Number of protein chains: 2
Amino acid sequence: MTAPLSPGLPTKQRILDAAERLFAERGFDGVSLRDITAAAGVELALANYHFGPKKELYVAVIRRRASEINDARRQRFSELPVMPSVENLIDAFARPYLEKSVHGGPGWKDYARLIAQTANSARWTQVVMSALFDPVAELFIVGMRKALPGLTSRDLYWGFHFLLGGMTMTFAETGRIDLLSEGVCRASELEVIYARLIPFMAAGYRALAGKVDQNT
Amino acid sequence: MTAPLSPGLPTKQRILDAAERLFAERGFDGVSLRDITAAAGVELALANYHFGPKKELYVAVIRRRASEINDARRQRFSELPVMPSVENLIDAFARPYLEKSVHGGPGWKDYARLIAQTANSARWTQVVMSALFDPVAELFIVGMRKALPGLTSRDLYWGFHFLLGGMTMTFAETGRIDLLSEGVCRASELEVIYARLIPFMAAGYRALAGKVDQNT
DNA sequence: GTCTATAGCTTGATAGAC
DNA sequence: GTCTATCAAGCTATAGAC
């Protein structure tokens, strides 16, 4: 056993911290409430007392940081120029994630891993992903519609989906690219990634305006 | 209970089919061997007899179709022109996945969901993702290095990672984009997606050559 | 809010008959 | 290769004392 997480902090927070780390490592069903409460250094029964069923603990873990990310993104969107560039919009959406991951402490890395698994499972689509993230995603779409008036709605949403997939897998830091590139790329070099993510996704978005088959 | 999958087929295949569907729905730990063997219409003990521990069954499920995808991709790469375009390369990598998903039968959709979860969890990175997919990924990188000689190795690998993230989440068909777009986009319209995926990712790749911060 | 104790089930894996 | 039966351990959730 490792030492309990966050000693001295309130019980609710210690449970959330431990659950975040373990859910990120092993997924919802790969972790028991016993694992979580043991890692938090509290009694088993306290998980149920504070959060109800296990599923609600999972949602509570994600909701805690999702609120913070959403607030940061709303702030960025509100500070954009009247006619934002494609790069401006992608940056406003992506930078809060990068900032937290680099400077927010270890919990944010666990959170990013957790989001990657949650976003790629149909099981949590409605109750977690759409419920927590669609309102701010819609701000992104609205902005992009102004920045690239030639795009159809389909272009706008699919472009966002491609952006989301790339971001999600990247911030998950699974180690895949480290192995594939034999050390040339490291998932932890988030600034190096960011210098590529923005131009890559911006160019991709712009290309949708000129794609050959316009009527699909 | 639903009817057993693949009645009349050999036991090993029936177990693989059932495991594929259930692992895709609920993940490795969300499914028991009892769930799988019941869905397959065989006895519990036969899962262990044919595949050993549960983890090896999981790997066997993925390996079965990974071989087929890898063969199809190798074939496409071997048929490319001497100087392939960026679009040629992305198409050679992505089209086998699309073809199987559209025309390969329901098992291929389950497989794509399963890959999305597997690719986004550090737990399976080495033993599944790198072991099964890195050799063919390297063919893609080699081709792209010729097509875009101005790119650094970092550019090439990160571009691939962005492509992979977008493809993975898209073919997972979680339903997220359907909800977000309120029906404008449907994850099942794979040809519509493909008409956007290729130009988006190709333009992204080309943009890496001209990005501002060259030395990161 | 926190603790102990436990009910009621499910789990992966295997032993041994056929 | 398939079946029955079972082991030992794990699980979520809750009741009830403090």
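Keep in mind that this is a model prediction, so the values were computed, not measured. So that the names make sense, note that chain A is the first sequence line, chain B the second, and so on, each numbered from 1.
- A/Gln13 places its CD atom 17 Å from the C1' atom of C/dG1, with the value rounded to the nearest Å.
- OP1 or OP2 of C/dT2 sits under 4.0 Å from a side-chain N or O of A/Thr11.
- Between the side chains of B/Arg113 and A/Ser121, no donor N or O sits under 3.5 Å from an acceptor N or O.
- A side-chain donor from one of B/Tyr58 and B/Thr118 sits under 3.5 Å from a side-chain acceptor of the other.
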Legend entry - Per-nucleotide protein contact string for nucleotides 11-18 of chain C (B base, S sugar-phosphate only, - none; heavy atom under 4.0 Å): BBBB----
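- Salt-bridge check for B/Arg65 with B/Glu68: failed, with every basic side-chain N at 4.0 Å or more from each acidic carboxylate O.
- Look at CD1 on B/Ile15: it is 11 Å from C1' on D/dG1, rounded to the nearest Å.
- Classification of B/Asp29 and B/Arg123 as a salt-bridged pair holds, one side-chain N sitting under 4.0 Å from a carboxylate O.
- Within the structure, every pair that satisfies the ring pair (Phe, Tyr, Trp, His ring centres under 6.0 Å) test and touches residues 164-196 of chain B, not counting sequence neighbours, is listed here: B/Tyr97-B/Phe171.
- We find that NE2 of A/His50 is positioned 15 Å from P of D/dT14, with the value rounded to whole Å.
- Distance CD1 (B/Ile36) to P (C/dT10): 17 Å, rounded to an integer number of Å.
- With A/Ile36 as the fixed residue, the side chain to side chain contact (heavy atoms under 4.5 Å, CB included) test singles out one of A/Leu57, A/Asp17, A/Val42: A/Leu57.
- Look at CD on B/Glu43: it is 8 Å from C1' on D/dT2, rounded to the nearest Å.
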